[in-house]
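Before any comments, here is the structure.
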Amino acid sequence: MTNWTTVREFILLGLTDNFPLEVSLFLLLFGIYLLTLIGNAVIIIITQVNVQLCSPIYFFLRHLAWVDIGYMSTVIPKALVSIATGSKSISLAGCFIQIFLYLVLGSTEFFLLAAMSVDRYIAICNPLHYPTIMNNRVCSLLVLCCLAGGISIILVVCIPLFLMPFCGPNVMNHFFCDNGPLMKCVDTSFLEMIDFVVAVFFLLGTLSVNIGSYVKIVSTILHIPSTRGRKKTFSTCVSHLTVVTIAYSGCIFTYIRLKGTSGLDYNKTVALLNTVMAPLLIPIIYCLRNRQVQDALKAELRQRVGLAKKIEALFY
């Protein structure tokens, strides 16, 4: 008989065991992490201080930026420390906390994207009632509901998983504690079924909200008589639609493995792309594709430069 002992920590094998490649990955991840923090901080600050960006869509965008910072920060700093120090262990409690925060923030992001789709639908299809419907109280309540929904949906997955006895192998072929690799340490198909069913219903539910909103939006836009009016109206949705496409594409690739790919290595690659690409691309997309954000950034920069020149003139 095998002598089983209770697992108190897990060993994360990381992305690779090739040292030169690890150094390159460290520099790449560190650079992407800094850019993500800077980009999302810019979105948070500019939507907070600029009066031109006081509409509900930018209120949701600001909270989406906070969620992305937290989402990436649950994984990347620990991965960077592991690469730098060579320490690949993580405690059982630390593993549970990382999984819970990673899944909650990821789920909250999808709920926020659905809320932003509803906001665009009301703004375009019911413009006269938009200020009344999407007031500050409603927007704040929607953000709280998104967070509560993210926590609730993940508790359904995490509570049965965390209550399982971890007495088997404690080695994970991953660079952070994810629920999929952790289930391999428990070896139960029941938890995998719960995880899959919850993920499918959650993703299909939020995706249906996005699709339904944009079907109504497109239908409304097609009834606008002028071509210029149609383009101008649709341009207000391009940034959000691009972000939604990126977010759901990552989840689709998570559950659909390409032929000829190793399951564990494929999951690590997809998880890495999901973790770093969406939080990095969202501020870039909104800064490059959204004219209102561009104008607000230019106005703030001009104001700061003018203030700096006045302060310099006082001293010289």
Side-chain angles (χ1 to χ4, degrees), residues 39-71 104-153 202 205-224 229-244 247 279 282-283 285-287 289-300 303:
N40 283 285
V42 168
I43 291 293
I44 291 168
I45 294 170
I46 196 68
T47 55
Q48 184 73 50
V49 303
N50 193 279
V51 294
Q52 297 178 12
L53 304 180
C54 60
S55 61
I57 187 65
Y58 298 110
F59 176 82
F60 292 123
L61 180 60
R62 180 164 64 251
H63 286 84
L64 184 64
W66 278 116
V67 168
D68 279 334
I69 289 175
Y71 178 70
V104 165
L105 291 170
S107 301
T108 302
E109 178 168 339
F110 283 99
F111 278 121
L112 281 172
L113 290 175
M116 293 169 77
S117 292
V118 174
D119 173 82
R120 291 297 83 202
Y121 159 72
I122 297 173
I124 293 174
C125 300
N126 297 282
L128 296 178
H129 298 94
Y130 179 66
T132 306
I133 297 173
M134 300 301 293
N135 54 55
N136 292 335
R137 185 171 177 272
V138 170
C139 291
S140 300
L141 187 60
L142 279 173
V143 170
L144 288 175
C145 288
C146 290
L147 180 59
I151 293 173
S152 301
I153 200 80
F202 163 69
T206 54
L207 182 60
S208 64
V209 173
N210 286 288
I211 292 175
S213 297
Y214 275 100
V215 167
K216 293 288 187 180
I217 288 170
V218 171
S219 176
T220 302
I221 290 174
L222 291 177
H223 286 86
I224 297 176
R230 288 195 294 267
K231 289 181 178 179
K232 185 178 179 181
T233 305
F234 187 72
S235 65
T236 63
C237 304
V238 171
S239 298
H240 175 256
L241 189 57
T242 305
V243 170
V244 169
I282 287 175
I285 290 169
Y286 271 94
C287 289
R289 299 297 300 270
N290 192 298
R291 180 56 62 91
Q292 201 169 3
V293 174
Q294 291 178 15
D295 293 341
L297 281 171
K298 291 175 183 177
E300 290 297 324
Q303 185 177 352

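Not measured: the values here are computed from a predicted model.
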Practice problem: Can you see which heavy atom on Ser117 is nearest to which on Ile217, and at what distance? | Solution: O-CD1, 4.4 Å
Exercise. State, yes or no, whether a side-chain contact exists between Val42 and Pro283 at a heavy-atom distance under 4.5 Å.
Key: no
Self-check item: Interatomic spacing from OG in Ser107 to CG in Leu112 - rounded to 0.5 Å
Solution: 11.0 Å
Quiz item: Which pair of non-hydrogen atoms, one from Thr132 and one from Asn135, has the smallest distance, and what is that distance?
Solution: O-ND2, 3.0 Å
Quiz prompt | ring pair (Phe, Tyr, Trp, His ring centres under 6.0 Å) against Tyr214, all qualifying residues, sequence neighbours excluded | solution = His240
Quiz prompt | Ile124 versus Thr220, closest heavy-atom pair with distance | solution = O-CG2, 3.8 Å
Self-check item: Side-chain (Ser219) to main-chain (Val215) donor-acceptor, under 3.5 angstrom
Solution: no
Quiz item: Any side-chain heavy atom of Ile44 within less than 4.5 Å of one from Ile69?
Solution: yes
Quiz item: Residues in side chain to side chain contact (heavy atoms under 4.5 Å, CB included) with Leu105, at least two apart?
Solution: Val67, Tyr71, Thr74
Quiz item: Do Leu207 and Phe110 have side-chain heavy atoms sitting under 4.5 Å apart?
Solution: no
Exercise. Measure across Met134 and Asp119 and return the closest heavy-atom pair with its distance rounded to 0.1 Å.
Key: CE-OD1, 3.6 Å
Quiz prompt | Test side chain to side chain contact (heavy atoms under 4.5 Å, CB included) applied to Thr108 and Leu64, step by step | solution = CA-CA 9 Å; Thr108 302; Leu64 184 64; over 6 Å; no
Self-check item: Residue pair Glu109 / Ile282, side-chain heavy-atom distance below 4.5 Å
Solution: yes
Self-check item: Side chain to side chain, Ile57 and Met116, heavy atoms closer than 4.5 Å
Solution: yes
Practice problem: May I ask you to test the Ile122-Pro127 pair for a side-chain heavy-atom distance under 4.5 Å? | Solution: no
Would you be so kind as to tabulate the donor-acceptor pairs closer than 3.5 Å made by side chains of residues 137-151, with sequence neighbours excluded?
residue: Ser140; atom: OG; partner: Asn136; partner atom: O; Å: 3.0

Quiz item: Could you walk me through whether Trp66 and Asn40 pass the side chain to side chain contact (heavy atoms under 4.5 Å, CB included) check?
Solution: CA-CA 7 Å; Trp66 278 116; Asn40 283 285; over 6 Å; no
Quiz item: Side chains of Tyr58 and Asn50: donor-acceptor distance under 3.5 Å anywhere?
Solution: no
Quiz item: Distance-only, no hydrogens or angles: does the Arg230 side chain make a donor-acceptor pair with backbone N or O of Ile224 under 3.5 Å?
Solution: yes
Self-check item: Beyond-backbone contact of Tyr130 with Pro56, side-chain heavy atoms, under 4.5 angstrom
Solution: yes
Quiz item: Can you tell me how far the CZ atom of Arg62 sits from the CD1 atom of Ile45, to the nearest 0.5 Å?
Solution: 11.5 Å
Exercise. Go through Phe234 and Leu241 one step at a time and tell me if the side chain to side chain contact (heavy atoms under 4.5 Å, CB included) criterion holds.
Key: CA-CA 10 Å; Phe234 187 72; Leu241 189 57; 4.1 Å; yes
Quiz item: What about the rings of Phe111 and Phe60, do their centers lie closer together than 6.0 Å?
Solution: no
Exercise. Could you give me the CA-CA distance, side-chain angles and deciding distance for Thr206 and Leu113, then say whether side chain to side chain contact (heavy atoms under 4.5 Å, CB included) is met?
Key: CA-CA 8 Å; Thr206 54; Leu113 290 175; over 6 Å; no
